[in-house]
There are 2 protein chains.
Amino acid sequence: MTTLAGRASSPTLDEVAELAGVSRATVSRVVNGSPKVRPEARRAVEEAVARLRYVPNPAARSLVTRRTDTIALVLSESDTQVFSDPFFARVVRELSAALADTEMNLVLLAARGEREQEKVARYVRQGHVDGVILMSLHSQDTLPAVLAEAQVPLVLSGRPLDGRTVCYVDADNAGGAREATEHLLAGGRRRIATVSGPQDMIAGIDRHAGYRAALEAAGIAPDADLVATGDFTEAGGARAMALLLERAPDIDAVFVASDPMAVGALRTLRESGRSVPGDVAVVGFDDAAVAATSDPPLTTVAQPLDEMTRLMTDLLLRQVEGDAEVQARVCPTRLVVRASA
Amino acid sequence: MTTLAGRASSPTLDEVAELAGVSRATVSRVVNGSPKVRPEARRAVEEAVARLRYVPNPAARSLVTRRTDTIALVLSESDTQVFSDPFFARVVRELSAALADTEMNLVLLAARGEREQEKVARYVRQGHVDGVILMSLHSQDTLPAVLAEAQVPLVLSGRPLDGRTVCYVDADNAGGAREATEHLLAGGRRRIATVSGPQDMIAGIDRHAGYRAALEAAGIAPDADLVATGDFTEAGGARAMALLLERAPDIDAVFVASDPMAVGALRTLRESGRSVPGDVAVVGFDDAAVAATSDPPLTTVAQPLDEMTRLMTDLLLRQVEGDAEVQARVCPTRLVVRASA
DNA sequence: TTGAAAGCGCTAACAC
DNA sequence: GTGTTAGCGCTTTCAA
């Protein structure tokens, strides 16, 4: 009588309960995996659920539980085409993997430009998700502050540029870059150029700092001719490398500050017919595209991206569970030397 | 008394109502922009909302409205690294833009592999979103069928491979490819090679069909040596082009079936030192990376991606509004010749 | 134009 | 182990 034929009005707990001959509460227990249900009752409920194709209504559920079982990965950028960066593809993959056998769902929110960032902020503040992993790319981004102030469980991917005390996970980019550069120095090189990353992104800044620190420790004065900056993309790396070859023909070795830039830089090197006596050293997330390149000898220092994403989800879920202690902890991660030419 | 100090328990409609000295219903009307509210009352409510930093609880709201004001873009892939394809970046951008001044939110759901696809299917079936735009990439994908059967408002990006009668939006890939090839034929070319796309993806299939149709219409017999298949990536395009140059040194002109492949193919061409007498013609989404290339002469045939995404959102929102008529409509879109060398 | 009241579908005490 | 009951915060008739 009450069924609107045709309409896809999905069945409720009560209907399942009636069909199974038990109460709403028992159905709820079965659906939520409570152990305190008699096997027979459980079976009856399960059968009714299957027959009715019952699916719990998440709105009703989260109205009372105050949870959504969903976290968001927010990609906040001002305008650039960062979405097609292979690094993000990897992060998404690793995050999905980390949540695979959890009840947690992952949604991606793209926030490019001010309007979209506001929309995303509203979405999050409304409580659509239990927590946020935020990749904020440039220093001018306001989303980290907005979300932090909104008291949403939050983990930043990458150290915040403004020293804010929020939870974050980052690789030891400076240490890794230094390590890579030291490797080149150990090979006897002195004219070590660098394809650096953008200096308004923390990874770019830190990696460049590591490069400089290694040189300084070796008593080598910085030389502006040996520094070219790319935007972390393949094309940017190619352009930067071309610039370096033109400006400083006596380059000894090269330190490149990201995988895609390395792909571009190595290609420029090959195409130019030139070569450098030493290796090319790369710090990045260990993209297959770089690992596949073997033409010029290559040293890579890789972020443990799987560990990092696992750490991020751990920290976020702990906050979601109400563990406020974790709120202000910082969680650096060491880089790992992967291969050496 | 009832306020848990410390806890960020957000204010409710009742609290706003009390502070504003009106009833819950009036607050609701103001929040939802109903015109039937006296200006004074409205002002009082707005002030209270601001003071309390009130944000409506979406769970409570959608429990009664049966809407979530959110749609999902689902990226369904078996395993490949499609997430870093610049094409998706563009689609996401255009979709966000299309929804920018709507109340609708957009979330991205990554479904790679069977387990994630099931998780996404459950998420959608539970009613977390009002509708889905689905990019299903390969023919084996089961998600289109699952979601279609779940009665969720659905628009497919790209014609379904199995002729299912679901709503979709696609470009006229066959027509565009044919047009591009005919352009090469009109230039007097007869040995026209092709860097084709994967033959388990509808865009790959259709574009290849268009190429073949053009040749056939010109009375040219197909030659397997002139066909190399890539995976729609830059690297794949480069490899395919190398293969073509090796197998058929007498190539006249080349038709490439996607932008990233064109970037790769053109690079291979340049690096090889070889050139083809005619142009390279590309059909794709008009990536800036291709448009920027001017070394070998280039003809591009582009999908109107902004129109297509707008059409997708229109069709989806119409379904969400309950316009069932649209359910089975198919919505082809013509390709547009952009430039000619 | 406004308020009172009924529920949306679910979970979680609490009593049995 | 199971059922009863009381809300979660909101929208929406229906009267006033």
Visitor: Report which part of the nucleic acid Pro58(B) touches: base, sugar-phosphate, or nothing (heavy-atom distance under 4.0 Å, all strands).
Guide: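 The residue Pro58(B) makes no contact with any strand.
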
Visitor: Round to a whole Å and report the spacing from CZ of Arg67(B) to C1' of dC8(C).
Guide: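 After rounding, the gap between these two atoms is 16 Å.
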
Visitor: Is a donor on one side and an acceptor on the other found under 3.5 Å between the side chain of Thr313(B) and the backbone of Ala98(B)?
Guide: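 Judged by distance alone, no pair lies under 3.5 Å.
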
Visitor: Looking at dA13(C), dC8(D), dT11(D), which one has an atom nearest to any side-chain atom of Val64(A)?
Guide: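 Output: dC8(D).
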
Visitor: So, is Ser23(A) near the phosphate of dT2(D), with a side-chain N or O under 4.0 Å from OP1 or OP2?
Guide: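 Negative; the distance criterion is not met.
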
Visitor: Would you say Glu47(B) has more than 12 foreign heavy atoms packed within less than 6.0 Å of its CD?
Guide: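 Result for CD/Glu47(B): open.
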
Visitor: Round to a whole Å and report the spacing from CG of Asn32(A) to C1' of dA13(C).
Guide: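 Atom-to-atom, Asn32(A) to dA13(C), this comes out as 15 Å.
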
Visitor: Has Ser28(B) got a side-chain N or O lying under 4.0 Å from the OP1 or OP2 atom of dT11(D)?
Guide: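 Checking dT11(D) against Ser28(B), a side-chain N or O does come within under 4.0 Å of OP1 or OP2.
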
Visitor: Tell me whether the count of non-hydrogen atoms from other residues, nucleotides or ligands lying under 6.0 Å of CD in Gln126(A) goes above 12.
Guide: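 More than 12 heavy atoms, drawn from other residues, nucleotides or ligands, come within 6.0 Å of this atom.
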
Visitor: Taking atom P of dG3(C) as reference, at what distance in whole Å does atom CZ of Arg24(B) sit?
Guide: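 Taking CZ of Arg24(B) and P of dG3(C), I get 12 Å after rounding.
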
Visitor: What is the separation between atom CG on Leu13(A) and atom P on dG7(D), rounded to the nearest whole Å?
Guide: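 These atoms are roughly 19 Å apart.
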
Visitor: Donor-acceptor pair, Glu94(B) side chain versus Arg90(B) backbone, under 3.5 Å?
Guide: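 Side chain of Glu94(B) to backbone of Arg90(B): no pair is present.
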
Visitor: Can you tell me the distance, in whole Å, between the CZ atom of Arg43(A) and the C1' atom of dT2(D)?
Guide: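 Atom-to-atom, Arg43(A) to dT2(D), this comes out as 17 Å.
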
Visitor: CD of Glu40(B) versus C1' of dT2(C): gap in Å, rounded?
Guide: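 Between C1' of dT2(C) and CD of Glu40(B): 13 Å.
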
Visitor: Looking at the side chain of Arg38(A), which of dG1(D), dT2(C), dC10(C) is the nearest nucleotide?
Guide: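 Nucleotide nearest to Arg38(A)'s side chain: dG1(D).
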
Visitor: So, does Asn57(A) get its side chain near the phosphate of dC8(C), meaning an N or O under 4.0 Å from OP1 or OP2?
Guide: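 Result: no.
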
Visitor: What do you reckon, is CD of Glu46(A) surrounded by more than 12 foreign heavy atoms closer than 6.0 Å?
Guide: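 Atom CD in Glu46(A) is packed in, count exceeds 12.
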
Visitor: Whole Å only: how far is the CD atom of Glu18(A) from the C1' atom of dG9(C)?
Guide: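 In whole Å, dG9(C) C1' lies 16 Å from Glu18(A) CD.
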
Visitor: What's Ala41(B) touching, base or sugar-phosphate or nothing? Going by heavy atoms closer than 4.0 Å.
Guide: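 If one applies the 4.0 Å heavy-atom cut-off, Ala41(B) turns out to touch the sugar-phosphate alone, with no base involved.
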
Visitor: Looking at every strand, decide which applies to Arg66(A) at a 4.0 Å heavy-atom threshold: base, sugar-phosphate, or nothing.
Guide: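 Sugar-phosphate only.
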
Visitor: dG3(C), OP1 or OP2 - any side-chain N/O from Thr26(B) closer than 4.0 Å?
Guide: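 The answer is yes; a side-chain N or O of Thr26(B) sits under 4.0 Å from OP1 or OP2.
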
Visitor: Expressed as a whole number of angstroms, how long is the span from Leu63(A):CG to dC8(D):C1'?
Guide: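 That distance rounds to 4 Å.
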
Visitor: Nearest-nucleotide wise, let me know which of Ala25(B) and Val31(A) is further upstream toward the 5' end of DNA chain C.
Guide: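 Its nearest nucleotide lies further toward 5', so the answer is Ala25(B).
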
Visitor: Within the 4.0 Å heavy-atom criterion, would you say Asp14(A) contacts the bases, only the backbone, or no part of the nucleic acid?
Guide: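 Here Asp14(A) touches no strand at all.
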
Visitor: Within the structure, does a side-chain N or O atom of Arg61(A) lie under 4.0 Å from either OP1 or OP2 of dT11(C)?
Guide: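 Yes, within the criterion.
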
